[in-house]
Structure formats: C-alpha cells, structure tokens
Amino acid sequence: MEAAIPRIRTASHARLLCSAACASSSSSSSSSSSSSSRRSFSVCNRPPPNYPGHVPLTTVERAGLAVGASVMSFFDPYRHDLIAATGEATATPYFIYRLRDAMLADPTGRRILRQRPRISSKTLSLTALRNLPANSVGRAYVGWLDREGVSPDTRSTVRYIDDEECAYVMQRYRECHDFYHALTGLPIVREGEVALKAFEFANTLLPMTGLSIFAAATMKRGERRRFASIYLPWAIRNGSRSKEVINVFWEERLEDDVDQLRAELGIERPPDMRDIRKRERE
C-alpha cells in the first residue's frame, strides 16, 4: 500500500525533498530561480496548501492514489483511511462540485455551508443524546453508536481536495455517515456497509461509494445472494428517490421523531439485517 499512496505526507515535506533533489542536480542562480518559479505544477514545484492540512497532488499522483487505495480497500473494506483516500482522489473535479452545488441549491444546505458545523463527541453531547426520547433522531444515533461500538471521532480529515469549500463538503458527508447508518439501521458488518454505500451512491453520485459496491464480491455466498435480492434494490430505489441527505442539518433534528424524518426524506427502512443474520445462524 505504501507504494500506491504517495509518500509525500505534507506540502512542506515535499518542498524539502524536492529542494534537496534539485540542488544536487544543478547549481542555483537568480535566472534559474526565476525560471523555476514559472514551471507548471510538479512534485518539485508543489504549490502552497489552500487550507490547513491540504496536500496538493499532481494528476499522476491523484490517479496513483485513486487506483492504489481503491484496490487495497477492496480487499480490506474496514480500512477507513483507504476508503477516505479513494473518496477524495475520485471526487474531483466534477462529483464533489456537483454535491456542493446541490447544497447551494437548498436553503438548509446553504446554511450548513455558511455555518460549517462539525460532528464529533466535542460538538455533540452523547450523554444528553442518551436522555432523549426513545424514538428521537438523537437517541437513534447514539443508540446505533453504542450498539456498534463506534465513535463519531474516527472520521479522517480531508486532505486531497484542492477547493477549500469542497473539502468541507466532503468532510460533512464523511461525518454524517453514521447518521445514515442510524436512519437505516444498517450495521457496520461488511454487508451493511456495502448496502449503505450503494444507497449513498444513488443519493450523492460520489464515485467511491459506487466502487464500494464491488466489495460485494468478497462476501459469502449467502450474503451476496441476500444483498442482490434485498439490499441492493432497496439502496438504489431509496437513494435515487429520496431527498439529498447531505442537506439534512442533523444537529437541528436531534429531538425530532426518527420515523417522521425518514418519511420526510422519502426513505423506507430496510429489513433488519442483524435479525436476518441471527435467524440464519440459528
């Protein structure tokens, strides 16, 4: 995997490496320095980051990151860092702009872009959510976190998307992922993750979510059959017809009834996957 993902971790690291390489191959002068400043974007001429943590990539680097990370995540779909890298490398230039424009076209989406809220255990009181009514959005969310043993603090920070506003859109999508799980009830087992990714692909058109569907090939035979007959048709049908979930201001809907929100978005809850798997084991 180290060979597939570029080893240059930050822009400053890249400049240090390239300065040493370029200094060893030619002497520095005022004229050559002026010529170097006019060179096109390359590994040895990396522009400054557009926001904290941003790593600018050349076209070749982006392609290598997309191919390498997607292949490795196919064999290990629990490597969230690889899935995140694949999502960022394949989202540009068109798809992340389409999702940003979908937010700009929606009043709630525009407010989210203006306020730029973040979802973590620091911004949401999980203790307070556990005290909400049983069928509320917040209670369903924290109940899903507790049941699956996950935390809202595990989402990787966006680094490879050049546009700063689009980087936030990807970050928002990433941090809202667990709310989609809570809304649908899909668990984080491989079958549930692929089903949710299929739903997200139909709803957001992000390429990474579509590529994740191919991970169904790594499921057991019974899981593949169930996925093809139940969860893939559900995902395509509901993801394509429902409102764009990126425009839900989850922080403002925590006390709302989860069934009412699901109906408002046009999402029908799929059959309980954990219950089906349990019955089949028995």
Side-chain angles (χ1 to χ4, degrees), residues 77 83 99 102 106 108-109 119 124 126 129-152 155 172-206 208-210 212-213 215-216 219-220 222-282:
I83 295 174
L99 198 58
D106 183 86
T108 303
I119 296 175
L124 295 177
L126 302 186
L129 294 183
R130 293 186 182 99
N131 294 323
L132 290 175
N135 208 46
S136 64
V137 173
R139 183 71 173 275
Y141 171 69
V142 75
W144 185 87
L145 293 178
D146 293 341
R147 184 170 59 253
E148 301 296 331
V150 296
S151 164
R155 300 301 168 187
R172 178 69 179 179
Y173 153 76
R174 190 173 288 170
E175 293 178 0
C176 291
H177 179 77
D178 289 340
F179 275 102
Y180 309 155
H181 269 293
L183 200 65
T184 61
L186 291 168
I188 58 173
V189 296
R190 182 173 304 199
E191 186 181 357
E193 284 289 0
V194 176
L196 188 60
K197 281 292 187 288
F199 169 85
E200 290 176 339
F201 175 67
N203 193 261
T204 68
L205 300 183
L206 289 174
M208 175 272 297
T209 57
S212 298
I213 299 175
M219 296 178 189
K220 297 177 181 178
E223 293 174 340
R224 288 199 304 271
R225 183 168 56 249
R226 183 169 54 236
F227 174 76
S229 63
I230 299 176
Y231 292 101
L232 182 58
W234 167 86
I236 300 302
R237 182 174 66 253
N238 283 267
S240 59
R241 76 181 183 185
S242 68
K243 296 181 180 178
E244 301 208 52
V245 290
I246 192 67
N247 290 323
V248 178
F249 211 138
W250 298 100
E251 295 87 340
E252 297 179 350
R253 308 299 301 268
L254 296 174
E255 298 183 9
D256 292 354
D257 185 273
V258 66
D259 293 327
Q260 180 180 339
L261 177 59
R262 201 180 291 119
E264 177 185 320
L265 294 174
I267 299 174
E268 59 185 15
R269 188 168 183 174
D272 190 319
M273 184 178 291
R274 283 203 178 279
D275 185 57
I276 293 176
R277 290 163 63 93
K278 181 180 179 181
R279 289 202 308 268
E280 289 189 352
R281 286 196 300 270
E282 294 173 347

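Please read all numbers here as calculations on a predicted model, not as lab measurements.
No donor-acceptor pair closer than 3.5 Å links the side chain of W234 to the backbone N or O of F199. Although no hydrogens or angles enter the test, the distance criterion places a donor-acceptor pair under 3.5 Å between the side chain of N238 and the main chain of E268. Of the possible donor and acceptor atoms, one in the side chain of R262 sits under 3.5 Å from a partner among the backbone N and O of L183.
What you find for G109 and N247 is that their closest heavy atoms are CA-OD1, 3.3 Å. Closest approach of D272 to Y231, counting heavy atoms only: C-OH, 3.8 Å. Nearest approach of R274 to P187, heavy atoms of both residues: NE-CB, 3.5 Å. Listed here is the closest heavy atom pair of P270 and T184: CD-O, 3.2 Å. Heavy atoms only, all atoms of each residue included: I230 and P271 are closest at CG2-CG, 3.8 Å. Minimum heavy-atom separation, A195 to L186: CB-CD1, 4.1 Å.
In this structure, D178 CG and S151 OG are separated by 8.5 Å, a value rounded to the nearest 0.5 Å. With rounding to the nearest 0.5 Å, the separation of CD1 in I119 from CD in E251 is 4.5 Å. To the nearest 0.5 Å, atom CD1 of residue I83 and atom OG1 of residue T209 are 11.0 Å apart. The distance from atom CD of E255 to atom CG of L129, rounded to the nearest 0.5 Å, is 9.5 Å. Note: I213 CD1 to I236 CD1 = 5.0 Å, rounded to the nearest 0.5 Å. In this structure, CZ on R130 lies 11.0 Å from CG on L132, to the nearest 0.5 angstrom.
Salt bridge annotation for K278-D275: absent, with no cationic side-chain nitrogen under 4.0 angstrom from a carboxylate oxygen. R277 has a carboxylate O that lies under 4.0 Å from a charged side-chain N of E223, or vice versa, which qualifies the two as a salt bridge. With respect to the salt-bridge test (charged N to carboxylate O, under 4.0 angstrom), the residues R190 and E193 do not qualify. Ion pairing between a basic and an acidic side chain is recognised when a charged N comes within 4.0 Å of a carboxylate O; R172 and E244 show no such pairing. Using a 4.0 Å cut-off between charged nitrogen and carboxylate oxygen, D106 and K243 do not count as a salt-bridge pair.
A heavy-atom distance below 4.5 Å is found between the side chains of N135 and D259. In this structure, the side chains of V248 and C176 stay at 4.5 Å or more apart for every pair of heavy atoms. Taking 4.5 Å as the limit, every side-chain heavy atom of L206 sits out of range of all side-chain heavy atoms of E200. By the 4.5 Å heavy-atom criterion applied to side chains, Y180 and N203 are not counted as neighbours. Put simply, the side chain of R226 reaches to within 4.5 Å of the side chain of E280, judged on heavy atoms. Between M273 and I276 the shortest side-chain heavy-atom distance does not fall below 4.5 Å. The side-chain heavy atoms of V258 and R139, taken from C-beta on, include no pair separated by under 4.5 Å. In this structure, the side chains of P152 and E175 stay at 4.5 Å or more apart for every pair of heavy atoms.
Ring planes of F179 and Y141: parallel class, angle under 30° (limits at 30 and 60°).
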